Number of protein chains: 2
Amino acid sequence: MAAKKACNECLSTVKPVRDALDVINGKWKLPIIISVTTGNERFTDIQESVPGITPKVLAKELKDLEQHRLIKRVVVEDYPVKILYKPEPYADTLSPIIYALKDWGVNHRKKIFEKE
Amino acid sequence: MAAKKACNECLSTVKPVRDALDVINGKWKLPIIISVTTGNERFTDIQESVPGITPKVLAKELKDLEQHRLIKRVVVEDYPVKILYKPEPYADTLSPIIYALKDWGVNHRKKIFEKE
DNA sequence: TATTTCACTTTCCTTTAGGAAAGTACTATA
DNA sequence: TATAGTACTTTCCTAAAGGAAAGTGAAATA
């Protein structure tokens with residue numbers, strides 16, 4: 001029954017991890033959230049702050065993040081109209097994930113450069 | 001200069017997060033690592049513990065994880081030959097990420113079911 | 001009047017991920 | 001001898017991700 005015990009223990013972690021990955025999966029979602037939560041509000045600013053992203057991809061990812069209630073698109077009725085992207089409070093709940101990934105990434109890069 | 005300040009602050013997080021994502025990106029890598037670190041060692045056991053994975057995908061992901069020194073493939077010269085997958089010590093460094101994702105996933109599921 | 005900025009969209013294309021189903025080579029067991 | 005298990009591989013396919021380049025429409029600025 002060792003296998004079954006491992007299997008249950010494993011599933012209780014695998015399932016929620018997959019739920020999380022379904023939301024933040026991909027190359028761009030977390031970088032965009034980081035950009036927006038550090039104060040970038042305008043489309044062009046976000047685009048410039050996330051190296052390599054194209055406007056097509058950014059537009060699509062912003063829509064996804066809006067649907068998941070992680071950011072909101074705010075239309076400011078000035079002349080000219082301004083569009084701002086703001087983090088929703090729910091985006092803050094991602095910070096443990098972001099910082100865990102950041103720390104690991106910093107260390108990983110060190111490890112790679114040491115070895116080679 | 002507010003934009004530039006935000007941009008630098010943002011980049012110092014975005015870059016390492018992307019380094020981390022380059023390693024653990026995708027639907028399957030973390031679930032497989034979870035399975036192996038909770039004690040599943042055999043190909044078939046891992047396959048059964050990760051719902052929905054096909055042997056083709058598992059074989060490919062195991063190779064990737066071996067290359068990144070997160071698991072190792074051990075050939076036991078019995079009759080018949082056994083193949084075991086074991087976590088490398090480096091896999092343990094992923095646990096803050098895994099637990100952050102797990103916690104968030106658990107909460108996210110709660111949130112979804114409350115609302116709907 | 002011409003150019004620039006903003007926030008995208010559109011088109012076209014390549015790459016990667018992923019899945020279904022069957023097959024394989026070996027060994028063990030009934 | 002027949003069946004089952006192990007650890008995959010192979011083939012064929014679809015869908016999603018991603019990228020390059022150009023375009024758009026409105027308004028602001030030179």
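Chain identifiers are assigned alphabetically (A, B, ...) following the order of the sequence lines, protein sequences preceding nucleic acid strands; residue numbering begins at 1 within each chain. Model, not experiment: these values are computed from the prediction.
A:K82 places its NZ atom 11 Å from the P atom of C:dC6, with the value rounded to the nearest Å. The nearest whole Å value for the distance from the NZ atom in B:K56 to the P atom in D:dT14 is 13 Å. In this structure, CD of A:Q47 is placed 9 Å from C1' of C:dC8, rounded to the nearest angstrom. The CD1 atom of B:I83 sits 6 Å away from the P atom of D:dA7 (whole-angstrom rounding). The distance between atom CD1 of B:I53 and atom C1' of C:dA20, rounded to the nearest whole Å, is 15 Å. One can place CD1 of B:I46 at 9 Å from P of D:dA7, the figure rounded to the nearest angstrom. Distance, A:D45 CG to C:dT5 P: 13 Å, rounded to whole Å.
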task = Before giving the answer on ring pair (Phe, Tyr, Trp, His ring centres under 6.0 Å), spell out for B:Y99 and B:W104 the whole-Å C-alpha distance, their side-chain angles and the decisive distance to 0.1 Å.
result = CA-CA 8 Å; B:Y99 287 105; B:W104 195 87; over 10 Å; no
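Judged as a salt bridge (charged side-chain N to carboxylate O under 4.0 Å, His left out), the pairs with a partner in residues 24-39 of chain A (not counting sequence neighbours) are, in order, A:K29-A:E61, A:K29-A:D64.
For the OP1/OP2 pair of C:dT9 and a distance below 4.0 Å, the side-chain nitrogens and oxygens of A:K63 include at least one atom meeting the criterion. Contact annotation: A:R42 side-chain N/O to C:dC6 OP1/OP2 distance is not under 4.0 Å. Within the structure, a side-chain polar atom (N or O) of B:T44 is placed less than 4.0 Å from OP1 or OP2 of D:dA7. A close approach under 4.0 Å does occur between a side-chain nitrogen or oxygen of A:R73 and OP1 or OP2 of C:dC8. In terms of phosphate contacts, A:Y85 brings a side-chain nitrogen or oxygen within less than 4.0 Å of OP1 or OP2 of C:dC8.
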Which protein N or O atoms sit under 3.5 Å from an N or O of nucleotides 14-16 of chain C?
none

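Considering only residues two or more places apart in sequence or on other chains, B:R73 meets the salt bridge (Lys or Arg N to Asp or Glu O under 4.0 Å) condition with none of them.
Within a heavy-atom distance below 4.0 Å of DNA chain C, no residue of residues 26-34 of chain A is found.
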request  = Spell out protein contact along nucleotides 25-30 of chain D as letters: B when the base is contacted, S when just the sugar-phosphate is, - when no protein heavy atom is under 4.0 Å; keep the 5' to 3' order.
outcome  = --SS--
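Between the two ends of the helix from C:dT1-D:dA30 to C:dA30-D:dT1, each summarised by a five-pair axis, the helix axis turns through 0° (rounded to 10 degrees).
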